[in-house]
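Written below as structure tokens is the structure these notes are about.
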Amino acid sequence: FSEKTVKNILDNFKTFLNYLKSDLEILDVVPSFPVIGVPQPKITWLTQELQQKVFEVVPDDHKPIFAFLMLHGCRPSEARALKCEDIDLEHGVITISSTFSGRVFLERRKGRNSKDSTIPLHPELLPYITDRIKNNLPNAYVFVNSKTGKHYSENSLRRIWDDIREKVGLSQSIRLYDATRHSVASQLANKGIP
């Protein structure tokens with residue numbers, strides 16, 4: 001197991017033992033646990049110029065979801081779960097309120113106590129988003145894989161990303177998450193935007 005996994009397992013076990021001690025009064029003492037240092041993950045991100053090169057090789061039928069990810073910085077699983085009813089064209093905002101966990105649609109965002117997030121709709125995507133909303137039911141997915149006619153699966157998006165990454169010559173260690181969410185956040189941070 002990785003150090004992070006070992007730390008998580010031990011933290012959960014310690015919580016369970018504390019529950020046995022304080023709530024159920026089964027234990028008198030909780031034993032001490034070793035301190036496990038977890039190294040900070042290396043954050044990988046792309047510059048806007050490199051993102052543009054990447055976007056140029058995205059197949060046309062997949063450009064909308066990749067443009068959305070590169071401009072809005074939400075998680076790929078949240079973009080896959082975005083529905084027409086989550087878009088407010090009148091105010092030009094998107095509410096991120098759901099996600100996918102693998103193949104399972106969740107009506108909440110990932111993360112402990114995560115709340116809905118409302119973000120502005122980027123003007124570049126307005127024509128595509130407007131067309132999707134006007135021609136589909138509110139519960140239809142915004143981004144649909146043209147090959148299947150259904151929402152993007154995690155595997156299909158990963159395969160598309162792998163092909164794009166290979167065409168551009170990016171390292172296999174660069175995930176779609178790095179090229180989109182981490183890149184948006186890092187670019188904003190480098191411009192001094194909190």
Side-chain angles (χ1 to χ4, degrees), residues 45-46 48-168 170 174-188 193:
W45 60 281
L46 307 181
Q48 282 182 312
E49 294 77 21
L50 188 49
Q51 270 188 321
Q52 183 61 39
K53 287 180 185 177
V54 167
F55 191 72
E56 288 169 4
V57 302
V58 173
D60 288 343
D61 53 336
H62 302 302
K63 282 195 186 288
I65 192 166
F66 279 87
F68 181 81
L69 289 168
M70 290 179 169
L71 294 170
H72 293 88
C74 75
R75 294 174 178 91
S77 57
E78 294 170 342
R80 294 189 308 117
L82 194 63
K83 294 190 176 185
C84 292
E85 63 193 3
D86 299 324
I87 312 291
D88 180 350
L89 287 176
E90 183 180 338
H91 296 99
V93 295
I94 301 165
T95 301
I96 307 291
S97 60
S98 54
T99 190
F100 273 99
S101 181
R103 295 180 182 182
V104 179
F105 179 84
L106 302 175
E107 292 189 20
R108 61 176 174 71
R109 295 179 67 213
K110 287 185 181 175
R112 187 177 300 154
N113 300 322
S114 290
K115 297 181 177 120
D116 292 356
S117 175
T118 302
I119 58 175
L121 174 60
H122 198 283
E124 269 186 62
L125 281 170
L126 190 57
Y128 174 82
I129 299 284
T130 302
D131 182 60
R132 283 293 298 166
I133 290 172
K134 289 186 177 177
N135 295 310
N136 290 282
L137 294 172
N139 64 348
Y141 291 101
V142 172
F143 301 106
V144 178
N145 188 335
S146 61
K147 291 187 180 10
T148 64
K150 298 178 181 178
H151 66 81
Y152 282 88
S153 69
E154 184 177 8
N155 288 336
S156 67
L157 203 55
R158 185 180 300 122
R159 280 192 299 273
I160 296 164
W161 171 245
D162 288 344
D163 289 343
I164 293 166
R165 188 179 56 213
E166 188 176 318
K167 285 179 185 173
V168 177
L170 294 175
I174 298 178
R175 306 167 301 160
L176 177 59
Y177 199 93
D178 300 323
T180 57
R181 186 170 171 84
H182 282 174
S183 296
V184 169
S186 297
Q187 290 166 15
L188 291 173
I193 299 169

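Note that the coordinates shown come from a computational prediction; the quantities given were computed from them, not determined experimentally. Atoms considered below: every heavy atom in the structure, side chains included; atoms not considered: hydrogens, waters and symmetry mates.
In terms of the side-chain contact (heavy atoms from CB on, under 4.5 Å) criterion, residue partners of N155 (sequence neighbours excluded) are, by chain and number, S153, R158, R159. Among residues two or more places apart in sequence or in another chain, the ring pair (Phe, Tyr, Trp, His ring centres under 6.0 Å) test is passed with H151 by F100, Y141. Listed by chain and number, the residues in a ring pair (Phe, Tyr, Trp, His ring centres under 6.0 Å) with F55 amount to none (sequence neighbours excluded). For A79, the side-chain contact (heavy atoms from CB on, under 4.5 Å) partners are I65, F68, L69, C74, not counting sequence neighbours. Under the side-chain contact (heavy atoms from CB on, under 4.5 Å) criterion, L126 pairs with L89, L121, T130, not counting sequence neighbours. Partners of D163 by salt bridge (charged side-chain N to carboxylate O under 4.0 Å, His left out), not counting sequence neighbours: none found. For R165, the salt bridge (charged side-chain N to carboxylate O under 4.0 Å, His left out) test picks out D162, with sequence neighbours left out. Every residue two or more places apart in sequence or in another chain that forms a side-chain contact (heavy atoms from CB on, under 4.5 Å) with L188 is listed here: V184, I193.
Among residues at least two apart or in separate chains, there is no salt bridge (charged side-chain N to carboxylate O under 4.0 Å, His left out) pair with a member in residues 117-140. Residue pairs satisfying the salt bridge (charged side-chain N to carboxylate O under 4.0 Å, His left out) criterion with at least one member in residues 178-187, sequence neighbours excluded, are listed as follows: R175-D178. For the side-chain hydrogen bond (donor to acceptor under 3.5 Å, both in side chains) condition, the pairs that include at least one residue of residues 57-71, sequence neighbours left out, are D61-S146, H62-Y152. Residue pairs that meet the salt bridge (charged side-chain N to carboxylate O under 4.0 Å, His left out) test with at least one member in residues 66-89, sequence neighbours left out, are R75-E78, E78-R109.
Taken from CG in L106 to OG1 in T99, the straight-line distance is 6.5 Å, to the nearest 0.5 Å. Distance check, rounded to the nearest 0.5 Å: CG of L176 to CD1 of I164 gives 8.0 Å. If you take CD on Q48 and CE on M70, they are separated by 11.0 Å, rounding to the nearest 0.5 Å.
The aromatic rings of H122 and H72 sit perpendicular, their planes meeting at an angle over 60°, well past the 30° parallel limit.
I174 is listed as a side-chain neighbour of W161, based on a closest heavy-atom distance under 4.5 Å.
The closest donor-acceptor contact from the side chain of Q51 to the backbone of A179 lies under 3.5 Å.
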